[in-house]
2 protein chains.
Amino acid sequence: MTRSETQDPDIAGQLEAAATAQERFQIMYTVLRDRISMLDYPPGTQLSEEVLAGEFGISRSPLRKALQILEADGLVLSQQGVGTLVTDVDLDELAQVYQLRMELNELTGSLSPTLADDSLKTLFASMRLRAERLRATPDRQAFARLNIDFFHAFQLLTENQPLRDVSEKLFYRTCRIWLTLIPDRDLAAEVAIFSDEILAIADAVTVGDVGAAAHIRRAHLSMGFKRLTEMQQAEGAQAG
Amino acid sequence: MTRSETQDPDIAGQLEAAATAQERFQIMYTVLRDRISMLDYPPGTQLSEEVLAGEFGISRSPLRKALQILEADGLVLSQQGVGTLVTDVDLDELAQVYQLRMELNELTGSLSPTLADDSLKTLFASMRLRAERLRATPDRQAFARLNIDFFHAFQLLTENQPLRDVSEKLFYRTCRIWLTLIPDRDLAAEVAIFSDEILAIADAVTVGDVGAAAHIRRAHLSMGFKRLTEMQQAEGAQAG
DNA sequence: GAAAAGATATTTGTATACAAATAATCACAA
DNA sequence: TTGTGATTATTTGTATACAAATATCTTTTC
């Protein structure tokens, strides 16, 4: 049994239960994007259409749609005769995406900010809890998972749907860089920093200050990018 | 011979000449997006896969990829048993997209602004010329075409590729609203306003002030949205 | 005449066979 | 041994037949 199968039991069953083609597409797209983001499929991995279709219990045709959208997202690259390969995140792309994401996060606080209601506060309270648990026992997978889940929680702070869509595409375009770059010895430190960010933002949401939450997030994005570039240089120095 | 064929002569020939599948996709995607944006395919139009495949001289398979990306862009909606229909732009969507676009245009001037070199100045000079000609003899199609072309010229003012990509998707999501809402009696007035915008921005680019160009653009986006909502209300009042 | 039920037609979704492109392998010669 | 050419294998791209879903038309019944 492969790792991904332990994560996503019986995708074939879910697909069979889905009523419409759109639902089936959504399942396949989400599963594949998640596997790429969680490094179940590290950069360079070949995603064979035939193998995936077999696992999902369908033919290549509907699967190809999911792969084509992922290609438009920049997560994979398909070439005839070569294969469909998970893309790598290069530093230039990372810098540009982070530059833009910082500004967009600012907009999350100012453009149609959500009214912080009880359900939202409950959600961020659960994020706070997960952050504290993760800090107690750092773990790469759990870190990546919380990073993704917290992003989606943060998305709820704006009502502007296009802004949400755009932010999501940008997030998934580079989020796996953390798992690829953080060395084991720095994991606890990174987890602690991330945990602090979540706690601070959760506090801001609890008191209903969405704008403050956005500013904190922006600051952490900026510092996070700086640390990522340092990790990248350290890795390059080690290799060279 | 249909109208679109007079616009895009011999797509089938272009597709046959293309070397790779990616090029063929790019041709089909661009042609279809352009036809939707220019209202060759007004909202509600059914885009039959079989008919389009026939026109392009290919089978449904490669065509479907283009339609699927257009669906992800929000320009068409495919439903089994119904068809692939060009979407309509509703006012809520328009408002959210314009809100975001205004902020993004601000970023065009501040985030990695391009150095205004000679080729860029030449491009904006040609835009100025087209604007003046359009003002002399207002025309719906020419107005829409210049709107699209000027957008692409403006895109060159930032080096940030993700920002370009995002801005482009947002632009095409709503740009046909102008052709659908402007009444014939207001065409000359709208052309004059748009022409003024181009002249002002071209001036800013000519003196090398990209930031100023962005601010002008933002102001016109804001006023443009206001006029669009007024047109929409006027149309609604006429219908009701 | 109207409404409902069924049959028919139309359209996208899916499966599959084959084509095209690339990569890998192997044979062979220098 | 190494390089080169041809051959084979692998993979995505394309064409096509069929399935599934929806809409439309027809018929029937009240």
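Being a predicted model, the structure only gives us computed values, none of them experimental. To find a chain, count down the sequence lines: A is the first, B the second, and so on, and within it residues start at 1.
B/R64 comes within 4.0 angstrom of a nucleotide base, judged by non-hydrogen atoms across all strands. Within 4.0 Å of A/L63, counting heavy atoms only, lies no atom of the nucleic acid at all. Across all strands shown, A/R60 has heavy atoms under 4.0 Å from base atoms, whether or not it also approaches the sugar-phosphate. Counting non-hydrogen atoms under 4.0 angstrom, A/Q46 reaches the backbone sugars and phosphates but no base. Within the nucleic acid shown, A/L15 has no heavy atom closer than 4.0 Å to any nucleic acid atom.
Across C/dA15, C/dT14, D/dT12, the shortest atom-to-atom separation from the side chain of A/R24 is found for C/dT14. Comparing D/dT12, C/dG13, D/dT14 against the side chain of B/S61 picks out D/dT14 as the nearest.
The side-chain tip of A/R101 does not point at the ring of A/F171 from less than 6.0 angstrom away and within 45° of straight on.
Remark: B/Q79, B/Q80, B/G81, B/V82, B/G83, B/T84 in residues 79-87 of chain B come within less than 4.0 Å of DNA chain C through at least one heavy atom.
A distance of 12.5 Å separates CG of A/L75 from OG1 of A/T84, quoted to the nearest 0.5 Å.
OP1 or OP2 of D/dA15 sits under 4.0 Å from a side-chain N or O of B/S59.
Aromatic ring pairs are classed by plane angle as parallel below 30°, tilted from 30° to 60° and perpendicular above 60°; the pair B/F154 and B/F150 is tilted.
Within the 3.5 Å criterion, the main-chain N or O of B/L157 finds a donor-acceptor partner in the side chain of B/T114. In this structure, the side chain of A/R176 does not engage the main chain of A/P42 through any donor-acceptor pair within 3.5 Å.
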